[in-house]
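Hydrogens, waters and symmetry mates play no part in the numbers below; they use all other heavy atoms, side chains included. Counting begins at 1 with the first residue of the sequence.
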Amino acid sequence: MIEVKLHDIGEGMTEGEILTFFVKVGDVVKMDQPLVEVQTDKVSAELSAPKAGIVKEILIEQGESVTVGTSILMIEEIRDEKELEQRQEKTTVKNYRSEAVRSQRRVLASPYTRKIARENQVNIEDVVGTGEKGRVIDQDVYAVLEGFKKKPEQQSKKPSPELRSSSYFTGSKPSSVRTIPYEGRRKQIATKMTESVYTIPHVTHFEEANVTSLLEWRTACKEVGMPFSLGAYFIKALVITLKEHPLFNSVLDEKNGVIRIQDFYNIGLATNAPDGLIVPVLKHADRKSILTIDREMKELTRKAQDNELKGDDLRGGTFTVSNVGPLGSTGATPIINAPQTALLAIHKTKRRPIVTKDDQLAIGDVMTMSMSFDHRIADGAQAVAFTNRWVELLEEPKRLILELM
């Protein structure tokens, strides 16, 4: 008898939620056939059959969360190919996988939103989504539940922990507090951020750049049919800067007493996804053009928003960029994405008075930034030199073009 267990399918993974079973007890399965879909803190993934055989027992119910190493189902192995074919011919196989996948993907919603709906006996397919691209968000499920409250006979018999109120007294006046679970990706983010803050001595360096010429050049490129996002240009300039200042593309190996300089450039893209912050990785940015970087950035962002990132999309980052400017930020002290050495946060661009090279007063586009770095690996002077070079490539796009020639 073969046990199919939940194995580690992502960095830092400790548990996963069983989303969908593609098989039932008695089904004949082939090797590598998908058996179950699991949602971790970061990605959703399918677990496949390690051997051909018959599903003898399903040990976990759909919707349960289990830790890594937990047995999910049992398969009786069939080694004889003829016997396997005979079993398949005798079994009327219903396509559970395709039906389950259609059911899961019919509605765009995060696993956490689905959990709220499931625990409150709300059919998520009946909920009208008000989020981006029709996504069903938490508030949409709450709105349905509010409608149930107006009709007592329809109210769920099993109230959700997320919606249950706890009362306490301050003096003589009662108050009500709504709680939300501290779990999943939110808890994973907290664990990693706490570890980073307590193990890395953070220093944050602030700088600004006059990106007037860059914006003009981007407009000119758009007019000739070659549009690109500023984020793609930022990454291309960043790779050049990292090559000249390799300490910021390194990892500290304290056990062996060395700083490992990495000669590959995988840029993490801090992304605000529905379930919380996630960092997909743009691989080998040094080998790609600005237009290719632009296209791949947008695809990774889309995958993050739609919860389609795989484990490989999240591994191998050497430096992280957080572009919070579109959200309106003017400054921050970002936490390093350990074990990396630094994180660069890009803030919003504002039009304001500037002094030109010939001492004339003009209006320009000025962007602010902040870079947190590991003081065990680099000093302030090196961080200033790093951002000075990056700013130079932003303020004078012709310099970047020359670097690429």
Closest heavy-atom pair, Thr330 versus Thr368, reported as atoms and distance to 0.1 Å, is O-OG1, 3.2 Å
Can a donor-acceptor pair be found between the side chains of Thr333 and His202 at a distance below 3.5 Å?
-> no
Evaluation steps, side-chain contact (heavy atoms from CB on, under 4.5 Å), between Tyr265 and Arg287 = CA-CA 9 Å; Tyr265 303 87; Arg287 305 176 188 174; over 6 Å; no
Heavy-atom neighbours of Lys283 NZ exceed 12 at 6.0 Å = yes
Test item: Gln33 and Phe22 side chains (from C-beta on) under 4.5 Å apart, heavy atoms | no
Judged by modelled atom types alone, do Glu3 and Ser71 share a side-chain donor-acceptor pair under 3.5 Å?
-> yes
Ion pair Glu396/Arg399, N-O distance below 4.0 Å = yes
Here the gap from Leu314 atom CG to Lys303 atom NZ, rounded to the nearest 0.5 Å, amounts to 10.0 Å
Ionic contact status for Asp374 with Arg376, cut-off 4.0 Å = yes
Report yes or no: do Thr130 and Asp140 form a side-chain donor-acceptor pair below 3.5 Å?
-> yes
Got a second to check how far Ile72's CD1 is from Glu57's CD, nearest 0.5 Å?
-> 13.0 Å
Point-to-point distance, once rounded to the nearest 0.5 Å, from CZ of Phe264 to CG of Asp286 = 10.5 Å
Aromatic plane relationship, Tyr233 with Trp217 - under 30° parallel, 30 to 60° tilted, over 60° perpendicular | perpendicular
State, with a plain yes or no, whether a side-chain heavy atom of Leu35 is found less than 4.5 Å away from one of Ile75.
-> yes
Quick one: do the Thr204 and Ser372 side chains pair a donor with an acceptor below 3.5 Å?
-> yes
If you measure from the Lys or Arg side-chain nitrogens to the Asp or Glu carboxylate oxygens, is any gap between Lys310 and Asp313 under 4.0 Å?
-> no
Going by distance alone, is a donor N or O of one side chain under 3.5 Å from an acceptor N or O of the other, for Lys192 and Asn337?
-> yes
